[in-house]
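Keep in mind the model is a prediction, meaning the values are calculated, not measured. Sequence lines set the chain letters: A, B, ... in the order given, protein chains first and strands last, and positions in each chain run from 1.
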Amino acid sequence: MSLSTQPYKGARDFYPEDKQVQNYIFGVMRSVAKSYGYQEYDAPILEPTDLYRAKGSEEIVNEQTYTFEDRGGRSVTIRTEMTPSVSRMVAGRRQELAYPVRWFSIPGLWRYERPQRGRLREFWQLNVDIFGVPGIEADHEIISVADSIMQAYGASRDMYVIKISSRKLLEFTITDYLGIEPEKVSDTIRLLDRVHKMDKLDFSHKFNEITNKPESQDKLWDLIENCNNLDRLPQELKAHDSYKELKDLMRLFAKTGILNAEFDITLTRGFDYYTDVVFEVFDLAPENNRSLFGGGRYDGLVGLFGVEPVPTVGFGMGDVTIKDFLETHKLLPKLLHDTQLCVLLVSEVYAAVQPLLGELRAQGLSVAVDSSGRKIDKQLKSAVKAGYQYVLFVGEQELESGEYKIKNLENSQERVIPAYEIANYILNNAK
RNA sequence: GCGGGUUUAGCUCAGUUGGUUAGAGCGUCGGGUUGUGGUUCCGAAGGUCGUGGGUUCGAUCCCCAUAACUCGCCCCA
């Protein structure tokens, strides 16, 4: 029996060309996060299982994590998200941090799921969080970072929409406006989350079943039909503090050019630790019409570690869904080989060319050499396939004269230049 | 966890109503062209037909199981 060459279920091999794409995707995330003043951090891949039990349900820990006992009998879990870890880190230095704290990370995460489009077992997720700002300024900044990343990928505003809602407003709506009992809030939210996926009759039955409030249906449908329009909310909801906050937030977006942000009261983000404003970015392409990523405010998590709570807003952006988005919209750039120059040997001069290679590398150039001994046309073909931008032809003639022919494979231009100009020539032409 | 689809060469896929040596295009490698590719021509290599079992004189094909991939559902921190 031979070993399989396939990677583990739901995990990917990153061949150099795949890794290059990943590096590009992460590079954009990194540079945008840094441009907003965020600093990179990391945490262990393994966490005590209790960390996830504390805030999540037992079910999630049991069914969707890689959990096992270490040699000391401790239950440990491979991290499934970064939020508990970063909350722990902030809590650990609650008193000494300089607020507002702006942190980001791109951790590798594992979830025991059935793989499907946009969802694997091993994935990476950009996490961007701001700690210590209670007002909507933090919500605005976090959503701006998310939007700037999309813009940096080259996405236009008609490719995606940023939906905004508020957990506070939603809960107030359910309990006070619709008159549903508080203990039924979470089931109602869950149902509301799926309203666009099911038909009206089905929804009505389930709604009555859960809430026992059939008389509230008309009010709810009225809300849902106008769910995108903040101004059309009934007066009772406009009187709530969240209305003014959302209004201010939308004004800020308008002012900063984020014109594809819209209010949507049916946006719930599942049922987790979010406490106030939540947002979710959706792909508008018909063939990939799905949620891309999201986030929101979670003021309660840091406080779980026995310190004073810290107001927090953050989001997580997964590499799998964002790559699908970029592919769908043809936004992935053509990436050249990381190596700047490939030296082709037109005769057996491997030994004689070494001093030149050393010199070029000392000048900061990355240089590969085709040492296969094949004919020059084959070497050139391989260089094109590998994605090199420049090749240098070297034979006895060149070594003797000190003049080399360099070729730009993108535009087929050739030039003959002395050795000492090669590095400058490439670096000056680099984008 | 539940249901559907798929699995034949490195890739994309034909095919055999069950019968000897399983095909194409692309790609790879070599040559025509002893110093120039992304457009040519010629040739070659490469497959226990996903894996295990069953039916059969005989299975890549039929049956069962299993795995992987994939699309939905559940869930989505």
Side-chain angles (χ1 to χ4, degrees), chain A residues 1-12 15 47 51-65 77 79-87 107 109-121 123 125 127 189-190 193-194 197-198 268-274 278 280 287-288 290-296 298 300-301 314-318 320-321 334 342-349 370 372-399 404-414 416:
Chain A
M1 182 192 125
S2 69
L3 287 167
S4 171
T5 58
Q6 286 191 329
Y8 172 72
K9 185 184 175 86
R12 293 159 288 173
Y15 287 87
E47 290 281 4
L51 184 68
Y52 301 106
R53 288 218 177 91
K55 62 120 221 147
S57 73
E58 196 70 13
E59 193 184 321
I60 282 171
V61 170
N62 288 342
E63 293 177 8
Q64 295 204 282
T65 64
T77 296
R79 62 188 178 190
T80 58
E81 57 169 331
M82 202 54 164
T83 307
S85 301
V86 73
S87 299
L109 308 173
W110 285 82
R111 293 180 189 171
Y112 197 86
E113 310 225 43
R114 178 136 177 189
Q116 52 190 282
R117 179 168 169 83
R119 217 160 145 191
L120 300 174
R121 288 182 171 179
F123 61 99
Q125 188 187 61
N127 278 249
I189 287 179
R190 238 172 238 268
D193 192 28
R194 295 185 311 170
K197 283 188 189 172
M198 47 204 300
T268 62
R269 297 273 311 145
F271 190 60
D272 44 27
Y273 42 61
Y274 293 114
V278 291
E280 195 157 338
E287 68 271 29
N288 194 45
R290 63 204 324 259
S291 161
L292 292 172
F293 65 96
Y298 53 103
L301 264 194
F315 74 90
M317 181 188 234
V320 184
T321 43
K334 189 179 168 244
C342 184
V343 172
L344 308 186
L345 307 180
V346 298
S347 56
E348 289 179 26
V349 290
D370 191 330
S372 67
R374 292 173 302 172
K375 289 180 185 168
I376 199 66
D377 59 325
K378 303 291 181 191
Q379 293 187 41
L380 192 56
K381 224 170 174 174
S382 287
V384 169
K385 187 174 181 186
Y388 292 108
Q389 193 182 352
Y390 291 99
V391 292
L392 192 74
F393 296 95
V394 179
E396 273 105 9
Q397 270 179 42
E398 286 82 359
L399 288 168
Y404 297 86
K405 203 184 286 177
I406 187 164
K407 179 165 189 165
N408 182 334
L409 292 179
E410 278 193 302
N411 56 21
S412 299
Q413 277 183 5
E414 287 187 8
V416 177

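For A/Ile376, counting side-chain heavy atoms from C-beta on, the closest listed nucleotide (B/A77, B/U36, B/C73) is B/U36. Between B/A68, B/A77, B/G35, one nucleotide has an atom nearer to the side chain of A/Tyr273 than all others, and that is B/A77. Of the candidate nucleotides B/A77, B/U36, B/U28, B/U28 has the atom nearest to the side chain of A/Lys385. Distance from the side chain of A/Glu113 is smallest to B/C75 among B/G35, B/C75, B/G37. Checking B/U36, B/C75, B/C73 against the side-chain heavy atoms of A/Lys405 singles out B/U36 as nearest.
Listed by chain and residue number, A/Tyr273 satisfy the ring pair (Phe, Tyr, Trp, His ring centres under 6.0 Å) test with A/Tyr298 (two or more places apart in sequence, or in another chain).
Residue A/Arg114 places no side-chain N or O under 4.0 Å from the OP1 or OP2 atom of B/G3. For the OP1/OP2 pair of B/G32 and a distance below 4.0 Å, the side-chain nitrogens and oxygens of A/Lys375 include at least one atom meeting the criterion. For the pair A/Arg119 and B/C75, the criterion of a side-chain N or O lying under 4.0 Å from OP1 or OP2 is not met.
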Report each atom pair, protein N/O against N/O of nucleotides 38-41 of chain B, whose distance is under 3.5 angstrom.
| residue | atom | partner | partner atom | Å |
| --- | --- | --- | --- | --- |
| B/G38 | O6 | A/Ser412 | OG | 2.5 |
| B/G38 | N1 | A/Ser412 | OG | 3.3 |

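Between the A/Gln379 side chain and the A/Arg374 main chain, a donor and an acceptor come within less than 3.5 Å of each other.
Using a 4.0 Å heavy-atom cutoff across all strands shown, A/Arg194 reaches sugar-phosphate atoms only and no base atom. Heavy atoms of A/Arg374 sit under 4.0 angstrom from primed sugar atoms or phosphate atoms, though from no base atom. No contact: A/Gly118 has no heavy atom under 4.0 Å from any strand. Residue contacts shown for A/Gln379 are absent, as no nucleic acid heavy atom lies under 4.0 Å away. Within 4.0 Å (heavy atoms only), A/Glu396 reaches no atom of the nucleic acid at all.
Each of A/Glu414 and A/Tyr274 lies near RNA chain B, and the nucleotide nearest A/Glu414 is the one positioned closer to the 5' end.
Counting heavy atoms from C-beta on, the side chains of A/Val349 and A/Glu396 come closer than 4.5 Å. With contacts defined as side-chain heavy-atom distances shorter than 4.5 Å, the pair A/Arg12/A/Phe123 qualifies.
Atom P of B/U8 sits at a distance of 14 Å from the matching atom of B/C69, rounded to the whole Å.
In RNA chain B, stems built from 3 or more consecutive Watson-Crick or G-U wobble pairs, each with both distances under 3.5 Å, span B:1-7 with B:67-73, B:10-13 with B:23-26, B:28-32 with B:40-44, B:50-54 with B:62-66.
Residues A/Thr80 and A/Gln64 bring no donor and acceptor atom of their side chains to less than 3.5 Å of each other.
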